[in-house]
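In what follows, a single structure is set out as structure tokens and then discussed.
Per chain, numbering begins at 1; letters A, B, ... match sequence-line order. Everything numeric in this text was worked out from a predicted model, so none of it was measured.
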Number of protein chains: 2
Amino acid sequence: MPAGNVEERARPRSVQVRDELSHRIDRGLLPAGSRLPSEPALATELGVSRATLREALRALENEGLVRRMWGAGTFVADGRRVANSLDANFGVTDAIRAAGMEAGIEQARHWMEPATTSEAARLELQPGSDVLVVERVRTADGKPVVLSRDMLPGRLVAKQPHLADEMLKRSIYDVLERDLGIAIHHGVASFRPVRADVTVARRLNIPRGELLLAIWQVDFSDDGVPVLSSYEYHLADAFEFTVLRRGPGRRLS
Amino acid sequence: MPAGNVEERARPRSVQVRDELSHRIDRGLLPAGSRLPSEPALATELGVSRATLREALRALENEGLVRRMWGAGTFVADGRRVANSLDANFGVTDAIRAAGMEAGIEQARHWMEPATTSEAARLELQPGSDVLVVERVRTADGKPVVLSRDMLPGRLVAKQPHLADEMLKRSIYDVLERDLGIAIHHGVASFRPVRADVTVARRLNIPRGELLLAIWQVDFSDDGVPVLSSYEYHLADAFEFTVLRRGPGRRLS
DNA sequence: GACCGGGCAGATGTCTGACAACATACTAGG
DNA sequence: CCTAGTATGTTGTCAGACATCTGCCCGGTC
């Protein structure tokens, strides 16, 4: 039995179809504004039933990539795929790359400490249990732009302590997914403008009182367990954040 | 026939079902973490086919309200419905109310002016065509918290000039939908921390140099036409903004 | 010639019934 | 007591058909 198919078969067909269509749009095979083939035609071409194809199209519609019009057809949404979208891009690395710059890491260090009460609550741990803290200064084209402080349950790396060192060099999301097999399903992020205090200012090599954007968030794995809690201080003019606001769709309440 | 005709067209059944389920979750009839009835049972209860029900469930899943597990069932997502979600709530009025405060409007005024080049581009208009500008100070429990400046194509209110006055008292989104029959489908918002300049400081009654969050955005109607372009200056500590980050879902590329 | 209305093809929306793949709980066997 | 197989229920997928809506062609009318 070939093992290579296990991965593919594990995911629902509708998800595979969604990815395939998403790729075609990205590659420009389906230009913005153009009409997709009709559902029966597309379903035949992709080798799935129309019901499965519709599941995929529904997902693409909710992502804003296509627009479906009853009786008219399904159309590729008019471009506007925002560059640095806070609600789609995870992590500082992606944000820096989306801005067309090279992401780097400086002054990285990590240690283990008992969770504070509030931190334990955020990660749904028992107060006092071990938490791995990773502190890093992220650079864009060599210039410091973000000070980040990430916290994750110590048990995740208890059996593979070398992974903590790995996080000093790579994106934590990358380590979580590739080395630990933990995919982030969603996260809840909050932000607020702040002034740089003396500690942050020194790490980022900026004057005290400079404008910063503070972002704190909790990321959850696909089974709803909190995996990562992080605090970030972004230089105000490092990059521009964008959010796609989806309309309610529903009325009255 | 008056232009204010906001006739409720027959919405697809799947959308009605989605709303119904969304309501049940909101009302607590379906507690967080609980399992929904099986698809055949729910479909029968709601009087639709299983295919239609699945369309609705797919939409709810993409909104993050439910989680579907192959072979196990569909579950209501574990609460965490963030209060002031920037990607779900539109407009300052909603944001203030979500924070549990009373929304008010002060120092409101409006005028018509020719569109600048950049503004015409944002609204996809011809440079120099008329644009309605609405400038307001929004208050929460009577305290100024946001200075907003909204711009929309003049043609929208050309035949009903009194609507411009209406916008000085109510939410613009509310006027657009109820009086003009224009529903906002989605918007693209960007934000950045800034310091209050002398003009903004005087309007918001704060010291010059105070911390603010600047948000600028463009909202689109359901047929993809830009309808509203707005700039807002928020007090840094007025309310806390939250964004739900959805994971990629797709891997490999 | 310009305008208006009906009809037609094509698209998405919905329905029905069935089977396949998967997760869980239970039971028989060691 | 523990393990492995089975039974059952759930979601995923399939097939075909009909309903409803949109856009366009086309002919009639002024």
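Between A/Q16 atom CD and D/dC14 atom P the separation is 10 Å, expressed in whole Å. Taking atom CG on B/L42 and atom P on D/dG12, their separation rounds to 14 Å, with Å as the unit. The separation between B/L46 atom CG and C/dT14 atom C1' is 15 Å, rounded to whole Å. Atoms CZ (A/R18) and C1' (D/dG12) sit 16 Å apart, rounded to a whole Å. One atom, CZ of A/R68, and another, P of D/dT22, lie 16 Å apart when rounded to the nearest Å. Across the protein-nucleic acid pair, A/L60 atom CG and C/dT12 atom C1' stand 16 Å apart, rounded to whole Å. Rounded to whole Å, atom C1' of C/dG13 lies 12 Å from atom CD of A/E61. One can place CD of A/E39 at 18 Å from P of D/dA19, the figure rounded to the nearest angstrom.
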List, one per line, each side-chain donor-acceptor pair under 3.5 Å for residues 113-121 of chain B, sequence neighbours excluded.
residue	atom	partner	partner atom	Å
B/E113	OE1	B/W111	NE1	2.9
B/T116	OG1	B/E119	N	3.2
B/E119	OE2	B/S229	OG	2.7

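Not counting sequence neighbours, A/D130 has no partner by the side chain to side chain donor-acceptor pair (under 3.5 Å) test. Applying the side chain to side chain donor-acceptor pair (under 3.5 Å) test to B/R24 and every residue at least two apart in sequence or in another chain returns B/E20, B/E45. By the salt bridge (charged side-chain N to carboxylate O under 4.0 Å, His left out) test, A/E61 is found to be paired with A/R58, A/R68, residues two or more places apart in sequence or in another chain being considered. With sequence neighbours excluded, no residue forms a salt bridge (charged side-chain N to carboxylate O under 4.0 Å, His left out) with B/D165. Listed by chain and residue number, nothing satisfies the salt bridge (charged side-chain N to carboxylate O under 4.0 Å, His left out) test with B/R35 (two or more places apart in sequence, or in another chain). Checked against salt bridge (charged side-chain N to carboxylate O under 4.0 Å, His left out), A/R67 has no partners two or more places apart in sequence or in another chain. Considering only residues two or more places apart in sequence or on other chains, A/Q126 meets the side chain to side chain donor-acceptor pair (under 3.5 Å) condition with none of them. For B/S171, the side chain to side chain donor-acceptor pair (under 3.5 Å) test picks out no residue, with sequence neighbours left out.
Heavy-atom distances to DNA chain D give each of A/G47 and B/P37 a nearest nucleotide, and the one nearer the 5′ end belongs to B/P37.
Counting only N and O atoms by type, the side chains of B/D150 and B/Y231 include no donor and acceptor under 3.5 Å apart.
Closest contact between the side chain of B/P40 and the listed nucleotides D/dT11, D/dC14, C/dT12 involves D/dT11.
Regarding contacts with the backbone of D/dT13, a side-chain N or O of A/S14 is found under 4.0 angstrom from either OP1 or OP2.
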Distances under 3.5 Å only, N/O to N/O: pair up the protein atoms with those of nucleotides 6-9 of chain D.
residue	atom	partner	partner atom	Å
D/dG9	N2	B/G71	O	2.9

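Partner of A/M151 under the side-chain contact (heavy atoms from CB on, under 4.5 Å) criterion, chosen from A/V134, A/V218, A/L228, A/V133: A/V133.
Taken residue by residue, residues 49-58 of chain B places heavy atoms nearer than 4.0 Å to DNA chain D at B/R50, B/R54.
Direction of the helix axis in the helix from C/dG1-D/dC30 to C/dG30-D/dC1 shifts by 10° between the two five-pair termini, rounded to 10°.
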